[in-house]
*Asks:* 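Okay, here's the structure, questions in a sec.
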2 protein chains.
Amino acid sequence: MAPQQPRSGERASRPGIEVINRAVDLLAAFTQGPGSVLTLAELARRTGLPKPTLHRLLAALEVQGLVDRTASGYQLGIRLFELGEHVPRKHKLREAALPFMQDLFEASHDTVHLAVLDGTDVVYLERIHGHRALNVASRVGGRLPAHCTGVGKALLAYNPEAALRVMAMPLPPRTAYTITSHQVLAEELQRIRQTGISYDREENSLGITCVAAPIVVDGHAVGAVSVTSAPGSDVERYASAVRTAALGIRRSLGRTPILHPTPPRARASKKEPT
Amino acid sequence: MAPQQPRSGERASRPGIEVINRAVDLLAAFTQGPGSVLTLAELARRTGLPKPTLHRLLAALEVQGLVDRTASGYQLGIRLFELGEHVPRKHKLREAALPFMQDLFEASHDTVHLAVLDGTDVVYLERIHGHRALNVASRVGGRLPAHCTGVGKALLAYNPEAALRVMAMPLPPRTAYTITSHQVLAEELQRIRQTGISYDREENSLGITCVAAPIVVDGHAVGAVSVTSAPGSDVERYASAVRTAALGIRRSLGRTPILHPTPPRARASKKEPT
DNA sequence: GGCTCGCGTTCCGTCATGCGGAACGGTGTC
DNA sequence: GACACCGTTCCGCATGACGGAACGCGAGCC
């Protein structure tokens, strides 16, 4: 009787090795939606995979420590964390940035962020805070659209390619203050290039403002730092401290190369213009 | 002519799905040995897999963002980091611990660690430090034998099962001060249980001493914090601060359940005694 | 120039291996 | 007792991963 409709429409021919795609989908399922301990049935619902298949996959992942079994279900395993910490774009940047982030924290006692760009999103690499932390939307390893965050705009200002991609897509509002016009965003990026400072005035989340500065290497932002605070307190106060921190991080990176993924096109021809 | 010898001897029947085992081996290869950008040929050497196979695997992993291609080779991708940050044992504990770790840092301006136990090893979840950081062997996402670190001994003291496993294995020395006798280690653990404090006096690395305290929930350590400093300065100074921080973290965890992987044996019968 | 070495890449015939519907045992619920 | 939902096992099928062989390329060497 089964209409047999492929759950997500594209059963046929996804690029890559199907087992691996499924395994990663499975791991990603833990990050979507609430709860961190999931039953096999719940995973079946989230991924659309048949239960025997999931059972087999989970057993294989458990052997490798990427998934743990607990009395009440499965959860992501510590081995996955270990691997994730060896990602060079995270590790090198964080190592260089942390001391400066600590300085910012001691000066402000507010939440301090470190982020990089991935596509048109911002991915948070680090986030330090004290006991009284504002209820920020970000989390380490989390992702937010670049156009509505302080770090995101700082990164876009020094990543023309990514900026173009953002300019080519709609800018969904997240609050009443989110920049939704490409024109306005372009002007904003221009202003950031002039001052070296980027602000987020409740553009992503009400009650949250940020000062951010890009970490610029060879005219290209490899990351950005920010200090977050409540709208009342004037964030401008930390502007120069954040900018100085970004410069310090830049210097501390020294000649550590932070390679960015090669865009698919530019690969065959090895002409690095820079 | 090919002798066809299976590279690592156990070609036949490794548990789990072979593609997945290989893929994880491949990812793990990036964490073994120096360098973070590896060529296909280098990966072939490290994993013992044939080049076409690797090529296919890498392409699949790249589609998922677990691996990036750069002009000079492959590196682990930011997506892997994202997944790793959703590991609950890391995330929940870190979130609760960070403010207290900041307190410790501000008080000492030394390196502050947060770690959990995995088997007979310690895995570092977090490590904060300032500009002048001692040259510590640890790194976030890194692994060290439990018996020769401050956090490790603190964790063992409140994990009888893991302690037993350590007692059943040889204790390789890492410095002249490493505890290599089971008898001595048992006494040390006993002392830790009495005082709630664990010391590492250059047992893992010369020039490095630590004070550590376990984060104990229901008589079971779910993690440990430590402050590291140079042998000259008396570490005892921070003993009570570290202990207090551990208690604070414990309280802050509240009723957040931190589930530990179910030991293989205890799974079928669902009798959780606690 | 030509030669060689090591690199990444493509092809393609083979067959191991992942697949998943069906069926089963256990537990909690109405 | 019937039902619903869970996790688990079985097993025949064919798909999709496998890897030896061969190729194009650039760097280094003579």
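Each chain gets a letter, A, B and so on, in the order the sequences are listed, and its residues count up from 1. It should be emphasised that the depicted structure is a prediction, and the values quoted were computed from it without experimental measurement.
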*Asks:* If I take atom OH in residue B/Tyr74 and atom P in nucleotide C/dC7, what distance separates them, rounded to the nearest angstrom?
*Replies:* 13 Å
*Asks:* In whole angstrom, what separates A/Leu58's CG from C/dG18's P?
*Replies:* 15 Å
*Asks:* Given C/dG8, C/dG20, D/dG20, identify the nucleotide with an atom nearest to the side chain of B/Arg69.
*Replies:* C/dG8
*Asks:* Between C/dT17 atom C1' and B/Arg14 atom CZ, what is the distance in whole Å?
*Replies:*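 Computing the B/Arg14:CZ to C/dT17:C1' distance gives 15 Å.
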*Asks:* How close or far is atom C1' of C/dT17 from atom CD1 of A/Ile20, stated in whole angstroms?
*Replies:*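 It is 14 Å, rounded to the nearest whole Å.
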*Asks:* Taking the side chain of A/Leu40 as heavy atoms from C-beta outward, which of C/dG20, D/dT8, C/dG8 is closest to it?
*Replies:*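 Nearest listed nucleotide: D/dT8.
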*Asks:* Taking all atoms of both residues into account, what is the closest heavy-atom pair of B/Ala115 and B/Tyr124, and its distance?
*Replies:* CB-CD2, 4.0 Å
*Asks:* What is the distance, to the nearest angstrom, from the CG atom on A/Leu57 to the P atom on D/dT8?
*Replies:*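 Distance check: A/Leu57 CG to D/dT8 P gives 14 Å.
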*Asks:* Taking C-beta and beyond as the side chain, do A/Leu26 and A/Val67 meet within less than 4.5 Å on heavy atoms?
*Replies:*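 Not in contact.
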*Asks:* Nearest to the B/Arg22 side chain among C/dG20, C/dT9, D/dC18, which nucleotide is it?
*Replies:* D/dC18
*Asks:* Rounded to whole angstroms, how far apart are NE2 on A/His55 and C1' on C/dG25?
*Replies:* 13 Å
*Asks:* Ignoring hydrogens and angles, are the base of D/dG7 and the side chain of A/Lys51 linked by a donor-acceptor pair under 3.5 Å?
*Replies:*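 Pair found.
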*Asks:* At less than 3.5 Å, do the side-chain atoms of A/Arg56 and the base atoms of C/dG18 form a donor-acceptor pair?
*Replies:*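 Result: no qualifying N/O pair found.
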*Asks:* Among the nucleotides D/dA17, C/dT10, C/dG8, which one has an atom lying closest to any side-chain atom of A/Ile17?
*Replies:*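 Out of D/dA17, C/dT10, C/dG8, the nucleotide with an atom closest to A/Ile17's side chain is D/dA17.
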*Asks:* So, the side chain of A/Arg127 versus the backbone of A/Val140: is there a donor-acceptor pair under 3.5 Å, distance only?
*Replies:* no
*Asks:* Could you give the CG-to-C1' distance, from A/Leu49 to C/dG18, as a whole number of Å?
*Replies:*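 Atom-to-atom, A/Leu49 to C/dG18, this comes out as 13 Å.
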*Asks:* Using the side-chain heavy atoms of A/Val19, tell me which of these nucleotides is nearest: C/dT9, D/dC18, C/dC19.
*Replies:* C/dC19
*Asks:* Under 4.0 Å from OP1 or OP2 of C/dG20: is there any side-chain N or O of A/Thr53 that close?
*Replies:*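 True: A/Thr53 side-chain N/O within range (under 4.0 Å) of C/dG20 OP1/OP2.
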*Asks:* Please give, in whole Å, the distance from C/dC19 P to A/Glu18 CD?
*Replies:* 8 Å
*Asks:* Using only atom types and a distance under 3.5 Å, with no angle test, would you say the side chain of B/His129 pairs donor to acceptor with the backbone of A/Glu95?
*Replies:*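 Absent.
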*Asks:* Any sub-3.5 Å donor-acceptor pair from A/Arg94's side-chain atoms to A/Glu85's backbone N or O?
*Replies:* no
